[in-house]
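Inspection log for the structure reproduced underneath, given as structure tokens.
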There are 2 protein chains.
Amino acid sequence: MTSETTPALAEDTALVGFQEHDHENCVDSALAIAESRCKDEGLRLTPVRRKVLEMLLQEHRALGAYAILDRLREAGFGSQPPVAYRALDFLVDNGFVHKIERLNAFVACAHPGATHSPAFMICRKCDAVAEAHSAPAKGALGAAARAVGFEIERTVVEAEGVCPDCTEKA
Amino acid sequence: MTSETTPALAEDTALVGFQEHDHENCVDSALAIAESRCKDEGLRLTPVRRKVLEMLLQEHRALGAYAILDRLREAGFGSQPPVAYRALDFLVDNGFVHKIERLNAFVACAHPGATHSPAFMICRKCDAVAEAHSAPAKGALGAAARAVGFEIERTVVEAEGVCPDCTEKA
DNA sequence: GGCATACATGATATGGAATAACATGACAAG
DNA sequence: CTTGTCATGTTATTCCATATCATGTATGCC
Ligand SMILES: [Zn+2]
Ligand SMILES: [Zn+2]
Ligand SMILES: [Zn+2]
Ligand SMILES: [Zn+2]
């Protein structure tokens with residue numbers, strides 16, 4: 001794994017997921033970015049953690065914790081729930097992976113590097129997940145929060161619907 | 001075996017939108033609206049369903065399915081999971097109750113009557129939940145969806161943070 | 001009335017998500 | 001070498017959710 005893969009970060013900031021792309025490169029570069037960021041920030045991207053991130057990057061879909069666990073077992077890692085949840089906690093806390101609350105499942109971040117407040121589009125037919133940016137404090141919710149004095153720390157924004165591919169097929 | 005761990009939120013701080021209000025009346029009127037709407041639309045607000053709605057209206061907090069189940073048992077109804085989940089399905093499908101994905105729990109709708117796309121503010125300290133309106137297709141997410149041809153059918157918008165009461169106490 | 005249909009309820013069993021609690025191993029300071 | 005920290009591993013348990021089959025109950029038609 002040369003860390004020389006350049007930040008070929010999908011430049012259409014919005015949406016990896018519903019678009020064809022060079023997936024090999026996509027996975028490799030995301031892993032490279034993760035390794036580089038961990039080095040910079042003194043985080044330890046251990047084998048289990050790296051493996052989980054790699055699994056999630058391979059799919060552009062959300063995987064449940066037990067699907068992840070199955071693959072960890074196959075790869076020779078521990079196979080008890082905490083093994084997966086701890087790796088996921090690390091990856092989520094550090095912004096490499098997001099949890100999709102609607103699905104109780106996890107997806108690799110499509111815009112690693114910068115901290116951001118993600119929004120997701122989830123296809124209910126094929127389970128594809130695309131990540132966009134959300135503007136949490138702006139809009140109706142932000143206004144309502146300011147009006148009552150609620151301090152927003154984090155937002156969950158998830159849209160459920162049908163992706164372009166599945167719409168086309170129908 | 002009961003799964004109730006509630007730290008007894010001070011009773012009279014019951015709040016809709018984090019504001020004090022006449023809670024007796026709030027519950028009664030919401031039940032009346034539900035009954036009237038069910039009559040109009042030919043829906044059957046049966047005893048279990050009514051009881052679950054009433055429970056959720058009493059709290060302005062989200063209750064987990066098993067907390068609901070415990071109370072159903074106490075009230076003499078069936079105590080197996082499907083009993084609660086079926087009642088909840090009915091109430092959610094018809095807009096009387098919303099599911100809070102972040103908590104895997106349920107809360108009574110604060111704006112019954114009109115169909116709407118809710119947004120929630122969840123206090124991570126006291127677990128209070130307030131409901132606001134969201135503008136799903138407007139804003140950054142709507143734009144991203146239109147850009148790729150994703151058809152939004154439903155959105156989950158949940159903000160986590162600290163409510164005015166808890167901010168004040170700190 | 002007798003009967004078909006739809007719908008609501010009930011109970012059993014199982015699967016999937018998440019965490020608590022405890023033990024072990026690796027490793028870097030001191 | 002000892003100590004503290006962090007990561008991993010295992011066991012056990014709890015909570016969330018659904019599939020399945022059985023039973024009851026109302027309604028409308030014959
Ligand atoms: Zn990719
Ligand atoms: Zn699709
Ligand atoms: Zn509502
Ligand atoms: Zn609070």
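In what follows, chains are A, B, ... by sequence order, proteins preceding strands, each numbered from 1. Computation of the quantities below employed the complete heavy-atom set of this structure, encompassing side-chain atoms and omitting hydrogens, waters and symmetry-equivalent molecules.
Atom-to-atom, NZ of A:K51 to P of D:dT8 comes out at 15 Å; the value is rounded to the nearest Å. Rounded to an integer number of Å, the gap from B:L103 CG to D:dC15 C1' is 13 Å. Whole-Å rounding puts the B:Y85 OH to D:dA17 C1' distance at 5 Å. When the C1' atom of C:dA8 is taken as reference, atom CG of B:L88 falls 15 Å away, rounded to whole Å. Summarising the geometry, the separation between CD on A:E101 and C1' on C:dA17 is reported as 12 Å, rounded to the nearest angstrom. Residue B:R49 contributes atom CZ, which lies 7 Å from atom C1' of C:dA8 at whole-angstrom precision. Distance, B:L69 CG to D:dT18 P: 14 Å, rounded to whole Å. Going from atom CG of A:L72 over to atom C1' of D:dG9 covers 13 Å, rounded to whole Å.
When the side-chain nitrogen and oxygen atoms of B:S79 are compared with OP1 and OP2 of C:dA11, none of them lie within a distance under 4.0 Å.
Annotation: of the two residues near DNA chain C, B:R44 and B:Q80, the 5′-most nearest-nucleotide partner is B:R44.
Listed candidates were C:dT9, C:dA20, D:dT18. Nearest to the side chain of B:P81 is D:dT18. With D:dG9, C:dA18, C:dA11 as the choices, the nucleotide that has an atom nearest any side-chain atom of A:V83 turns out to be D:dG9. In the set C:dA18, D:dT18, D:dT10, C:dA18 carries the atom at the smallest distance from any side-chain atom of A:N104. For B:P82, counting side-chain heavy atoms from C-beta on, the closest listed nucleotide (D:dT11, C:dA18, C:dT12) is C:dT12. Looking at the side chain of B:F106, the nearest of the listed nucleotides D:dA17, C:dA18, C:dA8 is D:dA17.
The two residues A:A130 and A:F18 make their nearest non-hydrogen contact at CB-CE1, 3.5 Å.
Side chains of A:E131 and A:H116: a donor on one and an acceptor on the other come within 3.5 Å.
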Do any N or O atoms of the protein come closer than 3.5 Å to N or O atoms of nucleotides 21-25 of chain D, and which pairs are they?
none

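Ion pairing between a basic and an acidic side chain is recognised when a charged N comes within 4.0 Å of a carboxylate O; A:D70 and A:R73 show such pairing. Between B:R124 and B:E160, none of the side-chain N atoms (NZ, or NE/NH1/NH2) sits under 4.0 Å from a carboxylate O, so this pair counts as no salt bridge. The existence of a salt bridge linking B:K125 and A:E151 is excluded, since no basic side-chain nitrogen approaches an acidic carboxylate oxygen closer than 4.0 Å. A salt bridge is defined here as a Lys NZ or Arg NE, NH1 or NH2 lying under 4.0 Å from an Asp or Glu carboxylate O, and A:E35 with A:K39 fails to meet this definition.
Side-chain atoms of A:Y66 come within donor-acceptor range of the base of C:dA18, with a qualifying N/O pair under 3.5 Å.
If you look at A:H98 and A:F120, their ring centroids are closer than 6.0 Å.
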